[in-house]
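Data block below; observations after.
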Amino acid sequence: MEKSLILDDNVRNRLAAEAYKDEITKENIKKVIQKNSVITNVPDFKLYTESDPNSGLDAYAIHFYDKTVNEVYFFVRGTEVDQFEDIYADAAGIAAGSNIDQLNKFDEAYNRVKQKIKSDNGLSSKEMKGLSINLDGHSLGGNQVTSLALKHGEFQTVRGLNDAPVNVYQMTWFDNNFYQSVEKKFKTNNIYSIDEKKLLAFAADYYEENSRNITHVRVKGEPLYTQSFPGKFYPGKNIQILEPSEATKEFPDVSTYPL
């Protein structure tokens, strides 16, 4: 049984909204945690921010570490409607299934933060194996955290908040091991020649283990999930439905996809 985490789902929903802010500070994060949880004295943590203007990536991570706790939480921003790079990631990446610029930048940022955690705290390889890694992403950010979870499969919890779906074609470009398995299974390097239903069924089986800790958190009536495009894929079977009254400004709807 997995141990309980410091941060519950409610406070993580609120912390996901911080990724949309121009400046992310430890003080603001502490205030969000204190306001939305039973924690009065927030344990000290290290803050890591990651952004890439060329791809549009904006994310941050907070790491709690002492003798009894070793937990990191990543939060990834969703689409900013006035940012071309995000619109391109939605259209060319998720809807068309070809572009992986933001996914690659998030993958790089994720590995960079892990290395910083190791060096900043002088952690051994054994201690790094004990690190509880947790991901939250809203909308476009939800696509990124679930895609990363499928590729690496080393997370305690992964939460897509009104998350845009994974695109199975995008995953073939993002996860080379998956691409090679697809090529071997279907005996072709042209993924677009493969019957879509068969490819999706294969992906569901291939990623079954890595999708077990993925939860899709949805607002009832939110239209994103009715949108359809080739390769649309929601991995995992954990779905949490919130009433619209629970969808505060910190947990916004995303309207029709991609805008």
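Computed from a predicted model, the values in this text were never measured in an experiment.
Note: Phe202 and Phe178 have parallel aromatic rings, judged against thresholds of 30 and 60 degrees for the angle between ring planes. Taking the six-membered ring where the residue is Trp, Tyr110 and His152 present tilted rings, their angle falling between 30° and 60°. Classification of the Phe74-Phe106 ring pair by plane angle, with boundaries at 30° and 60°, yields perpendicular.
Nearest heavy-atom pair across Ile239 and Ile241 is CG2-CD1, 3.7 Å. Among all heavy-atom pairs drawn from Val42 and Phe64, the shortest one is CG1-CE2, 4.3 Å. Taking all atoms of both residues into account, the shortest heavy-atom contact from Ala61 to Val72 is CB-CG2, 4.1 Å.
The closest side-chain donor-acceptor pair between His63 and Asn70 falls under 3.5 angstrom. Between Asn10 and Asp8, the side chains place no donor N or O within less than 3.5 Å of an acceptor N or O (distance only, hydrogens not considered). Side chain to side chain, Asn162 and Ser139 fail the donor-acceptor criterion of an N or O pair below 3.5 Å.
For the pair Lys151 and Phe174, the cation-pi test (distance below 6.0 Å, angle within 45°) is passed.
Taken together through direct or relayed side-chain contacts under 4.5 Å among Ile, Leu, Val, Met, Phe, Trp and Tyr, Leu47 and Val32 form part of one hydrophobic cluster.
Counting only heavy atoms from C-beta outward, the side chains of Leu5 and Arg12 approach each other to under 4.5 Å.
A salt bridge is absent between Lys232 and Glu196: the closest approach of a Lys/Arg side-chain nitrogen to an acidic carboxylate oxygen does not fall below 4.0 angstrom. Classification of Lys105 and Asp58 as a salt-bridged pair fails, no side-chain N sitting under 4.0 Å from a carboxylate O. Salt-bridge formation is detected for the pair Asp86/Arg77: a Lys NZ or Arg NE/NH1/NH2 atom is positioned less than 4.0 Å from an Asp or Glu carboxylate oxygen.
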Audit row: Ile29, Phe45, side-chain contact (heavy atoms from CB on, under 4.5 Å) steps and yes/no | CA-CA 10 Å; Ile29 291 171; Phe45 60 86; 3.6 Å; yes

Derivation and outcome, side-chain hydrogen bond (donor to acceptor under 3.5 Å, both in side chains), residues Thr157 and Asn134 = CA-CA 5 Å; Thr157 60; Asn134 305 276; 2.6 Å; yes

Can Asn13 and Asp9 be said to form a side-chain hydrogen bond (donor to acceptor under 3.5 Å, both in side chains), step by step?
-> CA-CA 6 Å; Asn13 289 350; Asp9 289 353; over 6 Å; no

Might you work through the side-chain hydrogen bond (donor to acceptor under 3.5 Å, both in side chains) test for Ser132 and Gln156, ending with a clear yes or no?
-> CA-CA 6 Å; Ser132 171; Gln156 183 170 344; 2.5 Å; yes

Please assess Asp66 against Thr68 for the test side-chain hydrogen bond (donor to acceptor under 3.5 Å, both in side chains), listing each intermediate value before the final yes or no.
-> CA-CA 5 Å; Asp66 60 26; Thr68 60; 3.0 Å; yes

Can Val76 and Tyr60 be said to form a side-chain contact (heavy atoms from CB on, under 4.5 Å), step by step?
-> CA-CA 7 Å; Val76 187; Tyr60 76 95; over 6 Å; no

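Between His138 and Phe75, a ring centre-to-centre spacing not shorter than 6.0 Å is recorded.
Partners of Tyr48 by ring-ring contact (aromatic ring centres under 6.0 Å, His included), not counting sequence neighbours: none found.
Within a 6.0 Å sphere centred on CZ of Phe186, other residues, nucleotides and ligands contribute more than 12 heavy atoms.
One finds the OG1 atom of Thr49 at 10.0 Å from the CD atom of Glu23 (value rounded to the nearest 0.5 Å). From Leu199, atom CG reaches atom NZ of Lys185 across 11.0 Å, with rounding to the nearest 0.5 Å. Taking OH of Tyr73 as the start and CG of Leu135 as the end, the distance is 11.5 Å to the nearest 0.5 Å.
Judged by distance alone, with hydrogens and angles left aside, the side-chain atoms of Glu127 form a donor-acceptor pair with the main-chain N or O of Ser124 at under 3.5 Å.
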